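In what follows, a structure is listed as C-alpha cells, so that the remarks can point back to it.
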Amino acid sequence: MDECRHTSDIKDVTPSALGCEECLKSGSWWVHLRLCRTCGHVGCCDDSPNRHATKHFHATSHPVIEGYDPPEGWAWCYVDEVFIDLGDRTTPQNGPIPKFVEFFAPAKVAEHVDGGLMT
C-alpha cells in the first residue's frame, strides 16, 4: 500500500479566500477548490482552466491539498501521489463557498465545453 510521507506536515489552516484566490482576482472560473494544508491557499483543481492549486504546489513545494468545496474528507499528496483520508481533520469553511462555474460563469462554461476543451 502506498503511503504519504508528508502526513506530519498537514496543518490546521485558515482558508485564504471563499473561492480560488487567483480566479477571483482575474474573473476566471473554477470547477472545484483545493486547500493547501501548509498555508491555507485556496486554488482551483486541475479540471479548471487555470489549475491554480497545482501551480501553487510547483511554486511553493507545499505537498498536501484538501478537497474543499465542501470539505470532502480527503487530501492529495503531490509528492507521493497518494490520497489521504483526513477523517475528522477536514477544514471548516469560513462562509458559503460559491460554485463559480455554476453561478457566475455559465456562458464561459458553455463556451469552454462547446470549444471542445471539456468533455
Side-chain angles (χ1 to χ4, degrees):
M1 182 173 156
D2 295 330
E3 291 189 27
C4 176
R5 298 169 289 144
H6 303 93
T7 54
S8 62
D9 296 334
I10 297 174
K11 298 178 180 162
D12 294 331
V13 296
T14 300
S16 60
L18 292 177
C20 174
E21 282 187 59
E22 292 84 358
C23 288
L24 287 169
K25 290 175 185 171
S26 70
S28 189
W29 56 273
W30 61 83
V31 177
H32 296 288
L33 298 174
R34 305 296 180 239
L35 174 70
C36 176
R37 287 300 298 263
T38 300
C39 71
H41 173 268
V42 178
C44 55
C45 72
D46 286 352
D47 288 330
S48 303
N50 295 300
R51 302 176 178 181
H52 288 121
T54 297
K55 288 178 181 177
H56 176 75
F57 163 68
H58 289 299
T60 64
S61 297
H62 295 167
V64 178
I65 52 134
E66 175 181 353
Y68 189 62
D69 62 355
E72 300 173 31
W74 60 265
W76 171 256
C77 179
Y78 284 107
V79 176
D80 295 321
E81 297 185 337
V82 295
F83 284 99
I84 303 161
D85 181 357
L86 292 173
D88 62 354
R89 290 199 60 200
T90 59
T91 305
Q93 297 175 347
N94 282 343
I97 295 176
K99 291 291 288 187
F100 195 88
V101 72
E102 294 173 7
F103 296 111
F104 296 106
K108 293 265 187 202
V109 172
E111 178 181 299
H112 195 65
V113 172
D114 292 342
L117 300 173
M118 193 180 221
T119 57

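Because the structure is predicted, anything quoted here is derived from the model rather than measured. The residues of the chain are indexed from 1 along the displayed sequence.
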Taking all non-hydrogen atoms of both residues into account, name the closest pair between Gly87 and Asp85 and its distance. N-OD1, 2.9 Å
Is Ile10 reachable from Ile65 through a run of I, L, V, M, F, W or Y residues, each pair having side-chain heavy atoms under 4.5 Å apart? no
Identify the two heavy atoms, one from Pro71 and one from Thr90, that lie closest to each other, and give their separation to 0.1 Å. CB-CB, 3.9 Å
Minimum heavy-atom distance between Thr91 and Tyr68, given as atom pair plus value: O-CE1, 3.4 Å
Using the test side chain to side chain contact (heavy atoms under 4.5 Å, CB included), find all partners of Lys11 that sit at least two apart in sequence or belong to another chain. Val13, Thr38
Which heavy atom of Cys23 sits nearest to which heavy atom of Cys44, and what is that distance? SG-SG, 3.9 Å
Does Phe83 share a hydrophobic cluster with Val64, counting links as ILVMFWY side-chain heavy atoms below 4.5 Å and allowing steps through other members? no
When you group the ILVMFWY residues by side-chain heavy-atom contacts below 4.5 Å and let the links chain together, are Leu35 and Trp74 in the same group? no
Listed partners of Gln93 passing side-chain hydrogen bond (donor to acceptor under 3.5 Å, both in side chains), at least two apart: none
Partners meeting side chain to side chain contact (heavy atoms under 4.5 Å, CB included) with Glu21 (sequence neighbours left out): Ser16, Ala17, Lys25, His41
For Asp12, all residues meeting side chain to side chain contact (heavy atoms under 4.5 Å, CB included), sequence neighbours excluded: Arg37, Arg89
Atom CD of Glu72 and atom CG of Leu33: how far apart are they, to the nearest 0.5 Å? 9.5 Å
Listed by chain and number, what are the side chain to side chain contact (heavy atoms under 4.5 Å, CB included) partners of Asp80, not counting sequence neighbours? Cys4, Arg5, His6, Cys77, Val82
Answer yes or no: is there a side-chain heavy-atom contact under 4.5 Å between Trp76 and Glu81? yes
If you compare all heavy atoms of Val31 against all heavy atoms of Cys45, which two are closest, and at what distance to 0.1 Å? CB-SG, 4.0 Å
Atom pairs and distances, side-chain donor-acceptor, residues 55-62, under 3.5 Å, sequence neighbours left out:
from: Lys55; atom 1: NZ; to: Asn50; atom 2: O; distance (Å): 3.1
from: His56; atom 1: NE2; to: His62; atom 2: ND1; distance (Å): 3.4
from: Thr60; atom 1: OG1; to: His56; atom 2: O; distance (Å): 2.7
from: Thr60; atom 1: OG1; to: His62; atom 2: N; distance (Å): 3.1
from: Thr60; atom 1: OG1; to: His62; atom 2: ND1; distance (Å): 3.4

Would you name the heavy atoms of Pro15 and Asn94 that are closest together and state the gap between them? O-ND2, 3.3 Å
